[in-house]
Amino acid sequence: MGRIHIDLFTTLDGVAQAPGGPEEDPTDDFAFGGWQAPLIDEVVGEQIDSGMEGMDALLLGRRTYDIFAAYWPHQGGEIAELFNRLPKYVASRQSPTLEWAGSSWLGADTVASLGELREKHQNIHVIGSLDFVQTLLAERLFDRLNLWVYPILLGRGKKVFADGVVPTNLRLIEPVVASPKGAVMQRYALVEGTPAVGNMAEIDEA
């Protein structure tokens, strides 16, 4: 059974809108498009590259798909080669026209379609796609959460957990990695159950 990985870049205050460039997503006059670029360093680059090892499918929201489809087919390099080669599945409420080679619509029944993808692929990665990610988080329809947190505060913009989530347990599966410019990489696995509670006074007494 394959896994669905959510790959996200976020600021300390949870903003994940348009990390890649000024024109990526200017919704609501977002003024900080491209905020990730000044914070990229060798460690970040190495971690991004290693995170793509074993990736055998892309799962994207419609907005992110359109951005990728307009950019990656015209680029060179290892990432472009990988993205152009991989099968790409698009989450959309309507059946869209998809011109990027290897692209197909996820379908109207998201839950059933994700089950089928897990049967076909081992490591399916969701990159960006904030609106779609809200659904995956709310319905616990993911297996891994790969979260890069950058040392800036923006105050406004689309948030990683914008619509809230259901109570969920996660387990850190690798040591946290920090880059020289202060970005922190955390890789989590979804685990069963809901968060436990306790009493700090009882812990102190023990």
(message) When you compare the side chain of Trp105 with that of Arg62, does any pair of heavy atoms fall below 4.5 Å?
(response) no

(message) For a 4.5 angstrom cut-off between non-hydrogen side-chain atoms, does Val15 reach Thr10?
(response) no

(request) Mind telling me whether Phe68 and Trp100 have parallel, tilted or perpendicular rings, with 30° and 60° as the class edges? (result) perpendicular

(request) Classify the ring geometry between Phe32 and Phe30 as parallel (under 30°), tilted (30 to 60°) or perpendicular (over 60°). (result) perpendicular

(message) Can you confirm whether more than 12 heavy atoms, excluding those of Arg3, are under 6.0 Å from its CZ atom?
(response) no

(message) Would you compute the distance between atom CZ of Arg140 and atom OG1 of Thr168 and round it to the nearest 0.5 angstrom?
(response) 4.5 Å

(request) Fit a plane to each ring of His5 and His125, take the angle between them on a 0 to 90° scale, and name the class: parallel (under 30°), tilted (30 to 60°) or perpendicular (over 60°). (result) parallel

(request) First locate atom CG of Leu60, then atom CD1 of Ile67, and finally report the distance between them rounded to the nearest 0.5 Å. (result) 10.0 Å

(message) A side-chain contact here means heavy atoms from C-beta on lying under 4.5 Å apart; do Leu145 and Leu170 qualify?
(response) yes

(request) Find the distance between CG (Leu136) and OG1 (Thr110) and round it off to the nearest 0.5 Å. (result) 8.5 Å

Hey, can you pull the donor-acceptor pairs under 3.5 Å for the side chains in residues 176-189, sequence neighbours left out?
unit_1, atom_1, unit_2, atom_2, d
Ser179, OG, Asp41, OD2, 3.0
Ser179, OG, Lys181, N, 3.4
Ser179, OG, Gly182, N, 3.4
Ser179, OG, Ala183, N, 3.1
Lys181, NZ, Pro38, O, 3.1
Lys181, NZ, Ile40, O, 3.4
Gln186, OE1, Tyr188, OH, 2.7
Arg187, NE, Glu174, OE1, 3.3
Arg187, NH2, Gln47, O, 3.4
Arg187, NH2, Gln47, OE1, 3.4

(message) Is any side-chain heavy atom of Asn146 closer than 4.5 Å to one of Phe9?
(response) no

(request) Drop me the distance from Leu130's CG to Thr135's OG1, to the nearest 0.5 angstrom. (result) 11.5 Å

(request) Examine distances only and state if a side-chain atom of Ser92 and a backbone atom of Val90 form a donor-acceptor pair shorter than 3.5 Å. (result) no

(message) Salt bridge or not between Arg156 and Asp28? Use side-chain N to carboxylate O under 4.0 Å.
(response) no

(request) State, with a plain yes or no, whether a side-chain heavy atom of Leu106 is found less than 4.5 Å away from one of Leu117. (result) yes

(message) Could you check whether any side-chain heavy atom of Tyr89 comes within less than 4.5 Å of a side-chain heavy atom of Leu58, counting everything from C-beta outward?
(response) no

(request) Determine whether Arg118 and Asp143 make a side-chain contact, defined as any pair of heavy atoms from C-beta on separated by less than 4.5 Å. (result) yes

(request) Side-chain contact test, heavy atoms from C-beta onward, threshold under 4.5 Å: evaluate it for Arg63 versus Ser129 and give yes or no. (result) no

